[in-house]
*Asks:* 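Questions regarding the structure given below will be posed in turn.
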Amino acid sequence: MEVNELQKIGVFVCWCGSNIAGTVDVAKVAETLKNEPGVVFSTDYQYMCSEAGQLIIKNAIKDNGLTGIVVCSCSPRMHEATFRKTAEAAGLNPYMVEIANVREQCSWIHKDMEEGTEKAIILGRSAVAKLNLNTPLIAGENPVTKRALVIGGGIAGIQTALDIADAGFEVDIVEKKQTIGGKMAQLDKTFPTLDCAACILTPKMVDASANDKITLYTYSEVDNVSGFVGNFTVDIRKKARYINTDVCTGCGACTEKCPSRKTPNEFNMGLDTRSAIFIPFAQAIPNIPSIDKNACLHFKTGKCGICQKTCGVNAIDFEQEDEIVTREYGAIVAATGFNPIKVDKFDEFQYSQSPDVVTSLELERIMNAAGPTKGKLVRPSDHKHPTDMVFIQCVGSRGESCREKGYCSKICCMYTAKHAMLIRDKYPDVNVHVFYIDVRTPGKNFDEFYRRAVEEYGVDYIKGMVGKVSTRSNGRLLVQGSDLLANEQLLLETDMVVLATAIEPDESVKDLATMLTASIDTNNFLTEAHAKLRPVESPTAGVFLSGVCQGPKDIPETVAQAGAAASKVIGLLCKDKLIANPCVAKSEELLCSGCSVCANVCPYGAITYEEKEVNDHGVRETRRLAQVNSAVCQGCGACTVACPSGAMDLQGFSTRQIMAEVDAICK
Amino acid sequence: MQKLRDEIVAKCKALLEDGTVDRVIGWEKGLFDYDCSPATFTKENIDELVYNEYCGSNLSKYLVKESKAEGNVAVLLKPCDTYSLNELLLEHRVKKEKIFVLGIPCGGMKDEKGELLMKCNTCKGNEHKIADEVMDSDLTVPEARDRFELVEKLDGMTPEERFAFWQGELSKCIRCNACRNVCPACTCLKCVFDNHASGIDSKANADSFEEKMFHIIRAFHVAGRCTDCGECSRVCPQGIPLHLFNRKYIKEINELYGEYQAGETEDSRPPLANFTKEDAEPSVIYEKGRD
C-alpha cells in the first residue's frame with residue numbers, strides 16, 4: 001500500500017445510536033483501524049454528528065495534529081458537509097475528510113454482527129487508504145446571473161415566477177402553448193372550496209403579465225441549454241404566430257372572419273371547433289391570436305388572406321419565421337405539468353366508440369360556462385339532458401399492464417367527488433354512481449368534502465370495478481360492474497360515463513431532462529434530489545422542480561411547491577458568487593496526446609482543446625492539449641477512464657486514490 | 001509486381017521533384033528477400049524503394065512522427081492500412097495538411113515462410129478509405145474468411161479451458177513491447193506502461209499474472225479504436241495470437257452497439273469513445289454479459 005508518511009489520520013466511528021452499533025461492533029472497528037498505516041488516533045462515539053461528537057473530532061485534530069480524518073458513519077449524502085465544516089473549524093482543509101458509509105451500505109443491510117463488523121472494518125480501511133493520498137483542495141468561485149427561467153406557464157410556473165419576481169429578481173416564463181394558464185384554465189370549479197378556477201387563476205395570469213420583472217415567452221420552447229448553476233445559457237425558440245405581436249390589439253375581428261372553422265378546439269378538448277386563426281380562450285394571456293398553419297387556407301392553397309384584409313392594424317404576417325432568443329439565467333425551474341393519458345386503448349369503456357363516454361377533463365369543459373355547451377350538462381351525442389351518470393375511477397392509474405400507470409394519479413378521487421356533487425347540486429334529477437377501488441382523500445377538508453358528496457348530495461359510491469361499457473339500441477349506455485361490498489354483479493343503464501383518467505408528465509419533459517441533465521424516473525416524472533429532504537431540487541445544481549412534472553399533485557400542493565421552488569431559486573440568486581466543487585477533472589499536460597477521446601465522452605461539454613507550447617523535459621513544442629472548464633465539469637469521471645494515457649484525472653478521486661481503495665478492500 | 005513498383009517509384013519521384021513532398025515513407029530491402037522494412041526516402045535514395053509481396057507492415061503510424069517534422073511527407077498505404085490512418089486523423093495524431101497519401105494496390109502479403117499473412121486471410125478489400133491518389137493495378141485481393149471464427153471457438157470453451165489457452169500463449173511473452181510499438185492505435189506521447197505514476201509500468205516479470213494484465217490492459221486501451229490491422233500478431237516474435245483479444249472486443253462492441261469498423265471514415269465516433277443519449281445502458285451490458 002502507498003503510504004504518505006506525513007499523514008496523521010484520525011478515525012471516528014459513529015454508533016448512530018443503535019443504527020450502526022446494532023449490527024457493527026464499533027469499538028472493534030475503532031480498535032482495528034488504529035493499526036492501519038497513517039492512523040494515529042481512533043475512537044468511537046454514540047452520535048458523531050452531535051455537537052459533542054463534533055467536539056471530539058475538533059479536539060482530536062488539535063491535540064494530535066491530525067492532517068485528515070475518516071468518519072465511519074452514515075452516507076456522505078447525509079453528513080459529509082457537516083464533517084467537512086467540523087474539520088474546517090479545527091483548521092483542516094475540508095477535503096481532507098473521508099466518509100466510510102458503514103450505515104446504509106453496511107449495518108442496515110447486515111443482520112450478523114460478525115459480518116457487519118468485518119465489512120465496516122474493510123470500508124474504514126479503504127477510506128484510510130484513500131485519505132493517505134488526499135491533498136488539500138481549494139474551491140473556486142463562479143458569479144451568478146441574477147435571472148431565473150421558468151419552463152411552463154401553468155399555475156406551477158406562474159406561481160413560481162410571481163414569487164421569484166416578488167423578491168426582486170427577473171424571471172422569464174417559457175410556455176409552449178399560445179397562452180399561459182395551463183390545465184387550471186380549463187377547469188370549471190376547484191376542490192375543496194368549489195371556487196371557480198378562472199376566478200382565482202386569471203388574476204395571477206394578469207399579475208404575471210403586468211409584472212415588470214416577468215417576461216413571458218408564450219408559444220415558445222426551449223431549444224438548447226448549456227452552462228451550469230448560476231450561469232446557464234438557454235436558446236428559446238419563439239414559434240411563428242404569423243402575427244406581429246407589437247401591433248396586434250387583440251380585437252379578435254380576424255378570428256370571427258376566418259372561413260376555416262373546422263379544426264377541433266384543443267382548449268375545449270375537441271368537443272367543438274375553432275377557426276384557423278384563433279385565441280384559445282377569452283382570458284388568454286397574451287390576448288393575441290396565432291395562425292394554425294395546418295388549418296389555414298392561405299398556407300394550404302395560397303389564397304384566402306381574409307384575416308389580413310380584416311386586420312385594421314396590418315398585424316398579419318404570413319412570412320413570419322421562428323425566432324431564436326438566447327438568454328442567460330442563474331437558475332432554471334421545470335414546471336412542465338401533465339396531460340391526461342390517452343384512453344383509446346381502453347376499449348372496454350367504449351371511449352373511442354361512444355361520444356357519451358368522456359374523460360373528466362372533457363366533463364370540466366362541458367360543465368364550464370365558457371365551454372362548448374355554455375355550462376349546460378348535456379349528452380354529447382344528442383345534447384339531451386342526462387338522467388343517469390356513471391363515473392369510473394382509476395382509469396389507467398394503479399394498474400400493472402403496459403397501458404396503465406403503476407402510480408395513483410392522486411387528484412381523481414377529489415375531482416370526481418367534485419363533479420358528482422356539482423351535478424347533484426345543479427341537477428337533482430340526475431342519478432350519479434361512482435365506481436371506485438378505494439377513495440383516497442388525505443388533505444385539509446378533503447374527506448369532509450367527499451363525505452358531503454355521499455351524505456348530503458346522495459352520490460351513489462360503489463366499491464368495485466367496471467368490466468364493460470356497451471351501447472344499447474336505445475342510444476343509452478350499459479355499464480357492467482361489480483359491487484364488492486354487496487358481492488353482486490351490477491348492470492346499470494346510463495346516459496353518460498365519465499372516466500377519471502390517469503395523468504402523466506407532459507411528453508416535452510424527456511427532451512428537457514436531457515437538456516438540463518436532470519433525471520426522470522420510469523414514469524417520466526422528474527426526479528428530486530432527495531425524496532424527503534430536497535423535494536423541489538433536481539439532482540442537477542441550479543435546476544428546480546415545480547408542480548406535476550415532479551409527481552401527481554393537486555392545486556394547493558402545486559402552489560405550495562411552486563413557492564418552495566421559488567424560495568430555493570431566490571436563495572441561489574441572492575448570492576453574488578457560488579462556491580465551485582473542486583472535485584473536477586484535470587489534465588496533466590505532459591501526458592496529454594490531444595486525441596479528443598475525453599472531449600467526446602464528456603456529457604457536459606466541459607472539455608475543449610487548445611494549441612499550447614509545452615516544455616517536455618527540455619523539448620519545446622506546440623501540442624494540442626485538453627483543457628477542462630472546471631466550472632462546467634461535474635466530476636463524473638467519464639474522461640478519466642476514457643483517457644488512454646492517464647493524463648486526465650479527477651481531483652479528490654484520483655485513479656491512484658481509487659486503486660488504493662480497491663487494494664485496501666482486496667487485501 | 002516489379003512494374004507496379006516502378007510506377008510507384010516514378011510517382012514518388014514526381015511528387016519529390018515538383019515539391020509536393022520532401023520525404024516518402026515506404027519500404028526498403030532488408031537482409032533477406034522477405035525482410036522488407038519501413039524506411040523514409042528522399043530524392044537521393046528513392047530508387048532504393050521496394051514494393052513486393054513482403055511489404056506487410058502498416059506504415060500509417062510513422063506519420064505521427066513524420067508529419068510533425070519539417071516539410072511534407074508522402075506515405076504508401078495499402079487498402080487495409082488506410083483504416084489506421086483515418087483513426088489517427090480522428091485522434092488528431094497526424095497533421096493532415098502535411099501528408100500525401102498514395103494508395104497502392106495489394107494482392108495479399110506473405111510472411112517469411114511464403115504463406116499469406118494472418119491479416120490477409122480476413123482481407124478488408126481493395127478500397128482505400130482515404131487517399132490523395134490511388135495507383136492502378138490488376139492485383140486482386142485475397143478472399144476473406146470469417147474473422148470471428150477463432151474468437152467463437154474460444155467463447156465456446158469453458159473458463160478453465162480458456163484460461164489454460166491464454167496461459168499457454170501469454171506465458172511465452174518476453175515483454176519486448178513490439179506489439180505496442182507497432183500498433184497504430186498505440187500512439188500516446190507517454191504510454192501508461194512507461195509511466196511509473198500509472199502504477200502498472202514494467203511489471204511484466206513481477207509475476208505471471210502481471211504479464212497477462214499487460215496484454216489485457218493494452219487490448220482495453222485500443223478497444224473500439226483498433227481497426228484489426230493485425231500488426232500486433234505479425235510482429236510478435238513469440239507468435240502469440242494477440243489479435244484475438246482485439247477481435248473479442250470488436251465482436252462484443254458490434255453486438256452491444258451495432259456493427260462498427262474503426263477507421264472506416266475519417267469522422268466516425270468509436271462507440272466506447274463517445275457520449276450519446278442512445279448509449280447502451282449498464283443493465284443491457286450486464287444482461288448481455290451473463291449470456
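Residue numbering restarts at 1 for every chain, and letters A, B, ... go by the order of the sequence lines.
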*Asks:* Which residues from residues 623-648 of chain A are near chain B, with near meaning under 4.5 Å between non-hydrogen atoms?
*Replies:*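 Within residues 623-648 of chain A, the residues that come under 4.5 Å of chain B (heavy atoms only) are A/R623, A/R624, A/P644, A/S645, A/G646.
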*Asks:* Determine the minimum heavy-atom distance between A/Q657 and A/G652, stating which atoms define it.
*Replies:*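 Of all heavy-atom pairs spanning A/Q657 and A/G652, the closest is OE1-C, 3.2 Å.
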*Asks:* Please identify, among B/K190, B/K68, B/H92, B/R93, the residue contributing the most non-hydrogen atom pairs under 4.5 Å to chain A.
*Replies:*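 The residue among B/K190, B/K68, B/H92, B/R93 with the greatest pair count is B/H92.
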*Asks:* Residue by residue, which of residues 580-593 of chain A have a heavy atom closer than 4.5 Å to a heavy atom belonging to chain B?
*Replies:* A/L591, A/C592, A/S593
*Asks:* Could you go through B/R234 and B/N58, starting from their C-alpha distance and side-chain angles, then the distance that decides it, and tell me whether this counts as side chain to side chain contact (heavy atoms under 4.5 Å, CB included)?
*Replies:* CA-CA 10 Å; B/R234 186 182 67 81; B/N58 179 351; over 6 Å; no
*Asks:* Do A/D506 and A/N339 have a side chain donor and acceptor closer than 3.5 Å?
*Replies:* yes
*Asks:* Between B/Y249 and B/F220, how do the two ring planes meet: parallel, tilted or perpendicular, split at 30° and 60°?
*Replies:* tilted
*Asks:* Any donor-acceptor pair under 3.5 Å linking the side-chain atoms of A/T655 with those of A/D649?
*Replies:* yes
*Asks:* If you take all heavy atoms of B/H215 and B/C179, which pair is closest and at what distance?
*Replies:*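 Shortest heavy-atom contact: CE1-SG, 4.2 Å.
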*Asks:* Quick check for you: to the nearest 0.5 Å, what is the distance between A/L512 atom CG and A/C549 atom SG?
*Replies:*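 Interatomic distance, A/L512 CG to A/C549 SG, rounded to 0.5 Å: 8.5 Å.
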*Asks:* Just to be sure I understand the criterion: a residue of residues 73-91 of chain B counts if one of its heavy atoms is under 4.5 Å from a heavy atom of chain A. Which ones qualify?
*Replies:*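 From residues 73-91 of chain B, the residues near chain A are B/L90, B/E91.
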*Asks:* B/K119 versus B/H243: any side-chain heavy-atom pair under 4.5 Å?
*Replies:* no
*Asks:* Identify which one of B/V94, B/T187, B/V101 satisfies the side chain to side chain contact (heavy atoms under 4.5 Å, CB included) criterion when paired with B/L63.
*Replies:*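 Single pass found, and it is B/V94.
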*Asks:* Could I get the full list of salt bridge (charged side-chain N to carboxylate O under 4.0 Å, His left out) partners for A/D223, not counting sequence neighbours?
*Replies:* A/R237
*Asks:* Nearest 0.5 angstrom please: B/L154 CG to B/W166 CH2, how far?
*Replies:* 6.0 Å
*Asks:* Could you tell me which non-hydrogen atom of A/I520 sits nearest to which non-hydrogen atom of A/A513, and how far apart they are?
*Replies:* CG2-CB, 3.8 Å
*Asks:* With side chain to side chain contact (heavy atoms under 4.5 Å, CB included) as the test, would you mind laying out the steps for B/C173 and B/I240 before giving the verdict?
*Replies:* CA-CA 8 Å; B/C173 175; B/I240 304 171; 3.9 Å; yes
